[in-house]
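Whatever order the structure lists ligands and atoms in, that order sets their numbers, starting from 1.
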Amino acid sequence: MCTIEQLIQGRAQALGYEKCGIIPIREMDDYVEQFEERIRRVPQAKGFYERLRRLTNIRQEFPWAKSIVVVVANYGKYKIPEQLKDRIGRLYLFDPRVDSGSEEFHNSLAMEKYLQELGLKTASNRHYGVVGLRLAAMKAGLGVIRNNNFFYTESGSWVSLEGWAIDREMELIETTSQPACPSGCNRCVTACPSGSLSAPHTMSPNSCVSFLTTFGGRDLPNEPLCKTFGNWIYGCDACQSVCQMNRGKWQETADFPGVADLAPHLTPENIMEMDEAFYKEKVQPKFFYVTEDELWNGR
Ligand code: SF4
Ligand code: SF4
């Protein structure tokens, strides 16, 4: 007979999630220390981190919560149109959070429904997470957080995380086969075009190309760091693409809904010529960090 933890994990696996683990909520109590440490290391990013402070307050926000269910989905299987390679961050191209036509979006709804069918109260935040998901996933034994700050499983860093707070104490801890970063490896730091990743686990969001071209960037033509953007239009994968732990991990075996059709429109030349109505209908909903009203703030 299966335990409720095994039932939850079995459902996640049946839906195609790569991994699933469950931790008691007290396991997240030291998140606040890590949060403060980040601010200490990069004080200029204090404003950015303060906007995420709610992630340290899960016990206050959901006093009934007892555990966190964390799942990992591998998106490193989608075909990347040639004209978008190293121009649009892969997570944003295959963003499972907003594309209601994607299997990942449906899986997320199905997983939540299943938890509720088991009689559990749930809380989630599909866009931004209910807790620090990388730490929660690491504590659940699903993988490791590497020097570039990304979470890695056996599929590399091309994975997305989702979590639910639930109202029953449970624990299901996996073991990961992932080794630590090789000593002396510095490839991610040296590959960072803007110097944002200045040392292992030390990244300043304010100067990160991914931050500046998505939710953090405003008035980009006048942004002093725009010269460091290179070919990146939205997002940046440089510190992940160079990583030896990602070597051979991306397998282009599946089509993500709508990407092949949209790709020809997303070259720099065609973006400049793009009709505003097309942008609002087809482009902005997918790349939602730049709002409809901020269209003219772009590069
Ligand atoms: S995403 Fe790009 S800019 Fe940001 S830390 Fe990584 S390499 Fe640097
Ligand atoms: S590039 Fe090297 S140091 Fe950076 S995350 Fe990958 S293995 Fe770790």
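Annotation: salt bridge (Lys or Arg N to Asp or Glu O under 4.0 Å) contacts of Glu174 (sequence neighbours excluded): none.
Ligand 1 places these atoms under 4.0 Å from at least one heavy atom of Cys192: 3 (S), 5 (S), 7 (S), 8 (Fe). Below 4.0 Å from some heavy atom of Ala238 lie the following atoms of ligand 1, by number and element: 7 (S). Contact atoms of ligand 1 toward Ser194: 3 (S) (distance under 4.0 Å to a heavy atom of the residue). Close contacts of ligand 1 with Cys208, meaning ligand atoms under 4.0 Å from a residue heavy atom, involve 1 (S), 3 (S), 4 (Fe). Near Met203, meaning under 4.0 Å from any of its heavy atoms, are these atoms of ligand 1: 5 (S). Near Cys236, meaning under 4.0 Å from any of its heavy atoms, are these atoms of ligand 1: 1 (S), 2 (Fe), 3 (S), 7 (S).
Note that CD of Glu112 and CZ of Arg126 are 5.5 Å apart. Values are rounded to the nearest 0.5 Å. Atom CZ in Arg59 sits 4.0 Å away from atom CG in Asp29 (nearest 0.5 Å).
For ligand 2, the protein residues within 4.0 angstrom (heavy atoms only) are Arg146, Asn147, Asn148, Cys181, Pro182, Cys185, Arg187, Cys188, Cys243, Met245.
Remark: Arg90 is not positioned above the aromatic ring of Tyr78, lacking an NZ or CZ atom under 6.0 angstrom from the ring centre and at most 45 degrees off the axis.
The only option from Phe288, Phe105, Tyr289 that meets the ring-ring contact (aromatic ring centres under 6.0 Å, His included) definition with His127 turns out to be Phe288.
Checked for salt-bridge contact, Lys286 and Asp99 meet the test: a charged N lies under 4.0 Å from a carboxylate O. A salt bridge links Glu154 with Lys19: the closest approach of a Lys/Arg side-chain nitrogen to an acidic carboxylate oxygen falls below 4.0 angstrom.
Using modelled atom types and a 3.5 Å distance limit, the side chains of Ser157 and Gln240 yield a donor-acceptor pair.
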Stepwise side-chain hydrogen bond (donor to acceptor under 3.5 Å, both in side chains) check, Ser155 with Glu18
CA-CA 9 Å; Ser155 300; Glu18 180 184 343; 3.0 Å; yes
